[in-house]
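Side chains included, hydrogens not; waters and symmetry mates left out as well; all remaining heavy atoms used. Just so we're clear, the structure is a prediction, and the values are computed from it rather than from any experiment. Sequence lines set the chain letters: A, B, ... in the order given, protein chains first and strands last, and positions in each chain run from 1.
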Amino acid sequence: MTVRTRFAPSPTGFLHIGGVRTALFAWLFARHHGGQFVLRIEDTDRERSTQAAVDAILEGMAWAGLDWDEGPYYQMQRLDRYQAVAQQLLASGHAYHCYCTRDELDAMRAAQQARGEKPRYDGRCRDRTSPRDGVPPVVRFRTPGEGTIVVEDLVRGRVEFANADLDDLVIMRPDGVPTFHFGVVVDDADMGITHVIRGDDHLNNTPRQMHILAALGEPTPAYAHLPMILGPDGAKLSKRHGAVNVLEYREAGFLPEALLNCLVRLGWAAGDQEIFSIDEMVALFDIDGVNASAARFDPEKLRWINQQHLRGADAGRVAAALLPHYAAAGVDVAGGPPLEGVVDAYRERAATLRDIVDASHYLFGDALPRDEAAFRKHLVPAVRAPLLDLLLRLRALPAWDRAAIHAAVAAAAEAAGLGFGKLGQPLRVAVTGGTVSPPIDATLELVGQARTLARIEAALAGIAAA
RNA sequence: GCUCCCUUCGUCUAGCGGUCCAGGACGCGGCCCUCUCAAGGCUGAAACAUGGGUUCGAUUCCCAUAGGGAGCGCCA
């Protein structure tokens, strides 16, 4: 039997990184076992579902690289099917019409809680034979009242529930739209899902879904309930913790494989390995490596992981990914150095794409962002002569490459009796406007000969004026 | 309230009865390297929630307690 997993988000907002983690595990499991991954949109909450959310989910999945083999299926396009299955359950006596009003149900639950009982539907319509005027009925599932049901969870092991604790849940609304439990069960059965991999907030829902499946005569899939991921403070991950929308990570300059790498290590490990390529994740991932306890998401570690991936990523690809970030920063890269070169100079000293952009403004355009304190400290009269000497040497260079630049700087420093750094740092300030940049030879190569010479001249003029 | 789940350094984790005075990683401190920043190397501080069992022997198995979390909707 080939493995089939699914990711079934409801389109009520953006794609949350917790959702991405769930999707990732289901996707990896399918890929690892050579199976299929299905995407299903659970849009039966008509109040909250929006097309914008569907689009955001699709865009998030695409950016993350979690591709699906089937779908997206939309539950609202399968209403006839749920209707038919509900009729089947009604006919076989596994379900019944319920005419209770919301007010009645609220009152019932309030009374139960007041008595210290678990709020549950008391089955008052179970044996009702006649309709009630003016009340459109819902369909309720008739849950077995006795015995126990066991969930054999791939992550948690055997979990037993008493049927007496379960009540008769609504499976169809009066308007013919199924509720969550029913839609899930019918779809998973119809779509041949073999492994239901989802958040552990669904563990308590599993027994009722298994009962519906049994009533339908369908086999139960294997279940794997993943531990939740929490914010850095241990509370449920929310906007309060900063970015929770996957696309915000794209905007912040993270590589998708780095985000996935970070997420995959939350609740899963393969020995001591920390950095995984997508291929390695697929090769190594399996459910038996998944642990059962909740994990906190650490943005600091994500930065480190991103840096690791940045170091090994293809320069051309990173350069392309950089484009929108430069645009967002208002930097026109036309006329600047080739972006691949910028990537190679910066990949070891930046954690995100945005870090690269923020640190490299001086490479583009003619306006130089000036760190005034650095100018005062480094561009002093004492460096005027050696800087002028260096200017001449650089101006005379026939080829503008790292090695030649390095030789020129070293020669100028030696001629002036200075250490490399004594000249290098003033040079850096003059050319980049600040004290931090890649090695000075690489920096000048990227800045280009014309701009370098102009900036040194400007710096010399500044010293003379002072 | 009831039901279910979880519990190793600050954080992510390794550990599947002796190899553990508990290993790796992020972060943090120190040293080295060094033209700045990084990167890298070395190094330091830092954990088996508590109490009972089981066993010759528990971080590892069982049970309590405590602390977290989830579910109990005509939300998913």
Side-chain angles (χ1 to χ4, degrees), chain A residues 8-12 42-45 47-49 98 100-102 105-106 109 112-121 136-140 151 153 155-156 159-162 164-167 169-175 177-181 183-184 199-207 225 227-228 230 232 234-236 262 265-275 288 291-298 300-305 307 311 346-351 359 374 378 406 409-410 413 419-429 432 434-441 443:
Chain A
S10 61
T12 55
E42 307 211 329
D43 52 358
T44 55
D45 181 349
E47 300 284 299
R48 301 193 300 147
S49 296
C98 169
C100 295
T101 64
R102 296 196 191 235
L105 295 174
D106 288 344
R109 280 191 272 262
Q112 288 166 333
Q113 295 212 35
R115 274 178 269 132
E117 295 169 14
K118 177 174 179 169
R120 59 199 299 283
Y121 182 65
V138 298
V139 177
R140 273 189 197 274
V151 178
D153 191 83
V155 173
R156 276 142 229 282
V159 184
E160 193 172 309
F161 295 85
D165 289 330
L166 275 22
D167 62 358
L169 66 157
V170 173
I171 58 175
M172 285 293 267
R173 301 180 174 100
D175 60 2
V177 176
T179 60
F180 163 69
H181 290 291
V184 164
D200 79 4
D201 47 336
H202 290 297
L203 182 57
N204 286 297
N205 291 329
T206 305
H225 288 94
M228 308 248 81
L230 312 169
K236 190 172 175 184
C262 187
R265 288 288 287 96
L266 263 28
W268 176 80
D272 284 337
Q273 187 170 347
E274 297 284 351
I275 301 301
D288 55 19
N291 57 222
S293 49
R296 304 183 190 200
F297 174 71
D298 180 4
E300 276 304 315
K301 189 152 188 182
L302 202 216
R303 286 180 60 80
W304 176 78
I305 290 173
Q307 181 171 41
R311 294 173 67 173
Y346 274 99
R347 66 199 324 163
E348 290 245 334
R349 61 203 86 238
H378 295 283
H406 188 91
V409 177
F420 192 95
K422 290 293 183 199
L423 181 58
Q425 199 59 355
L427 175 59
R428 171 170 284 114
V429 173
T432 71
T435 57
V436 177
S437 85
I440 199 66
D441 48 2
T443 299

Under 4.0 Å between any heavy atoms, over every strand shown, what does A:Glu47 touch: base, sugar-phosphate, or nothing? Just pick one.
-> nothing
Let me know the distance between CD of A:Glu42 and C1' of B:C74, rounded to the nearest Å.
-> 16 Å
For A:Phe420 and B:C33, what is the distance between atoms CZ and P respectively, to the nearest whole Å?
-> 18 Å
Euclidean distance, atom CG of residue A:Leu105 to atom C1' of B:C72 [Å, nearest integer] | 14 Å
Out of B:A76, B:A38, B:C72, which has the shortest distance to the side chain of A:Glu348?
-> B:A38
When all nucleic acid strands are considered with a 4.0 Å heavy-atom cut-off, which category describes A:Thr44: base, sugar-phosphate, or nothing?
-> sugar-phosphate
For nucleotides B:G44 and B:A49, find the distance between their C1' atoms and express it as a whole number of Å.
-> 26 Å
Mind checking the C1' distance from B:C31 to B:A45? Whole angstroms is fine.
-> 15 Å
Name the closest nucleotide to the A:Arg311 side chain, picking from B:G40, B:C2, B:C37.
-> B:G40
From B:G1, B:C6, B:C35, pick the nucleotide closest to the side chain of A:Ala292?
-> B:C6
To the nearest 0.5 Å, atom OG1 of A:Thr179 lies from atom CG of A:Asp45 at 11.5 Å
Residue met sooner reading RNA chain B from 5', once A:Pro232 and A:Met228 are mapped to nucleotides = A:Pro232
Taking the side chain of A:Arg140 as heavy atoms from C-beta outward, which of B:C74, B:U36, B:A76 is closest to it?
-> B:C74
Test item: A:Tyr346 side-chain N/O and A:Ala359 main-chain N/O as donor-acceptor pair under 3.5 Å | yes
Rounding to a whole Å, what distance do you find between A:Asp106:CG and B:G73:C1'?
-> 9 Å
Roughly how far apart, to the nearest Å, are B:G68 and B:C26 at atom C1'?
-> 23 Å
Rounding to the closest angstrom, what is the interatomic distance between B:C4 and B:U11 at atom C1'?
-> 27 Å
May I have the distance from A:Gln113 (atom CD) to B:U3 (atom C1'), rounded to whole angstrom?
-> 13 Å
Please report the closest heavy-atom contact between A:Arg120 and A:Asp167, naming both atoms and the distance.
-> CA-OD2, 3.3 Å
Taking the same atom, P, in B:G23 and in B:A64, what whole-Å distance lies between them?
-> 32 Å
Starting at CD1 of A:Ile440, measure out to NE2 of A:His406 and round the result to the nearest 0.5 Å.
-> 11.0 Å
Whom does B:U59 pair with, Watson-Crick or G-U wobble, provided both distances fall under 3.5 Å?
-> none
Taking all non-hydrogen atoms of both residues into account, name the closest pair between A:Thr44 and A:Pro178 and its distance.
-> CB-O, 3.6 Å
In whole angstrom, give the distance that lies between atom CG of A:Leu302 and atom P of B:A25.
-> 19 Å
For the side chain of A:Trp304, counting heavy atoms from C-beta on, which of B:C26, B:C74, B:C35 is nearest?
-> B:C26
For B:C16 versus B:C61, give the span between their P atoms, rounded off to a whole number of Å.
-> 11 Å
Look through every strand shown and name the nucleotide pairing with B:C33 as Watson-Crick or G-U wobble, where both distances are under 3.5 Å.
-> none
Hey, is the main chain of A:Trp268 close enough, under 3.5 Å, to the side chain of A:Arg265 for a donor-acceptor pair?
-> yes
Quick one: look up who B:A38 pairs with, Watson-Crick or G-U, both distances under 3.5 Å, and put none if it's unpaired.
-> none
Considering only atom C1', compute the distance from B:A47 to B:G27 and round it to an integer number of Å.
-> 16 Å
A:His181 versus A:Ile171: any side-chain heavy-atom pair under 4.5 Å?
-> no
Gap between atoms CD and P, on A:Glu300 and B:G10 respectively (whole Å) | 18 Å
Counter-base of B:A64, judged by Watson-Crick or G-U geometry with both distances under 3.5 Å | B:U50
Look only at the side chain of A:Arg156 and the backbone of A:Val151, and say whether a donor-acceptor pair between them is shorter than 3.5 Å.
-> no
Most 5' of A:Pro439 and A:Asp201 on RNA chain B, judged by nearest nucleotide | A:Pro439
Looking across every strand, which nucleic acid part, if any, lies under 4.0 Å from A:Lys422 by heavy atom: base, sugar-phosphate, or nothing?
-> nothing
From B:A39, B:A76, B:C26, pick the nucleotide closest to the side chain of A:His202?
-> B:A76
Grab the N/O contacts between the protein and nucleotides 13-16 of chain B below 3.5 Å, and write none if there aren't any.
from  : atom 1 : to       : atom 2 : distance (Å)
B:U13 : OP1    : A:Gly267 : N      : 2.3

Expressed as a whole number of Å, how far does the C1' atom of B:C9 sit from that of B:C48?
-> 10 Å
Output yes when at least one side-chain N/O atom of A:Arg109 is less than 4.0 Å from OP1 or OP2 of B:G73, else no.
-> yes
Please work out if A:His225 contacts a base, only the sugar-phosphate, or nothing of the nucleic acid, heavy-atom cut-off 4.0 Å.
-> nothing
Please work out if A:Arg102 contacts a base, only the sugar-phosphate, or nothing of the nucleic acid, heavy-atom cut-off 4.0 Å.
-> base
Under-3.5 Å donor-acceptor pair between A:Arg156 side chain and B:C5 base = no
Mind checking A:Gly424 for me? I need base, sugar-phosphate or nothing, with any heavy atom below 4.0 Å counting as a touch.
-> nothing
Looking only at atom types and distance, does a side-chain atom of A:Thr443 sit under 3.5 Å from a main-chain N or O of A:Pro438, one as donor and one as acceptor?
-> yes
Check A:Leu423 against A:Val409 and note the closest heavy-atom contact, atom names and distance.
-> CD2-O, 3.8 Å
With sugar-phosphate meaning primed atoms plus P, OP1 and OP2, does A:Pro227 contact a base, only sugar-phosphate, or nothing at under 4.0 Å between heavy atoms?
-> nothing
Point-to-point distance, once rounded to the nearest 0.5 Å, from NE2 of A:His225 to CG of A:Asp201 | 8.0 Å
Which of B:C2, B:C4, B:G73 is nearest the side chain of A:Asp167? It is B:G73
Does any donor-acceptor pair link the side chain of A:Glu274 with the base of B:G24 at a separation under 3.5 Å?
-> yes
Nearest-Å distance for atom pair CD1/C1', residues A:Ile305 and B:A25 = 9 Å
Check every strand shown and say whether A:Pro9 touches a base, only sugar-phosphate, or nothing at a heavy-atom separation below 4.0 Å.
-> nothing
Would you classify A:Val170 as touching base, sugar-phosphate or nothing, given that sugar-phosphate means primed atoms plus P, OP1 and OP2, and contacts are heavy atoms under 4.0 Å?
-> sugar-phosphate
Using a distance-only test with no angle check, is there a side-chain donor-acceptor pair under 3.5 angstrom linking A:Arg109 and A:Gln112?
-> no
Would you name the heavy atoms of A:Arg349 and A:Pro439 that are closest together and state the gap between them?
-> NH2-CD, 3.6 Å
Watson-Crick or G-U wobble mate for B:A45, both contacts under 3.5 Å = none
Dump every N/O contact between nucleotides 61-64 of chain B and the protein below 3.5 Å, one line per pair.
none

Can you see which heavy atom on A:Pro227 is nearest to which on A:Gly267, and at what distance?
-> CG-CA, 4.5 Å
A:Lys301 has its side chain closest, among B:C4, B:G24, B:C37, to B:G24
Quick one: label A:Phe161 by what it contacts on the DNA or RNA (base, sugar-phosphate, nothing), any heavy atom closer than 4.0 Å.
-> sugar-phosphate
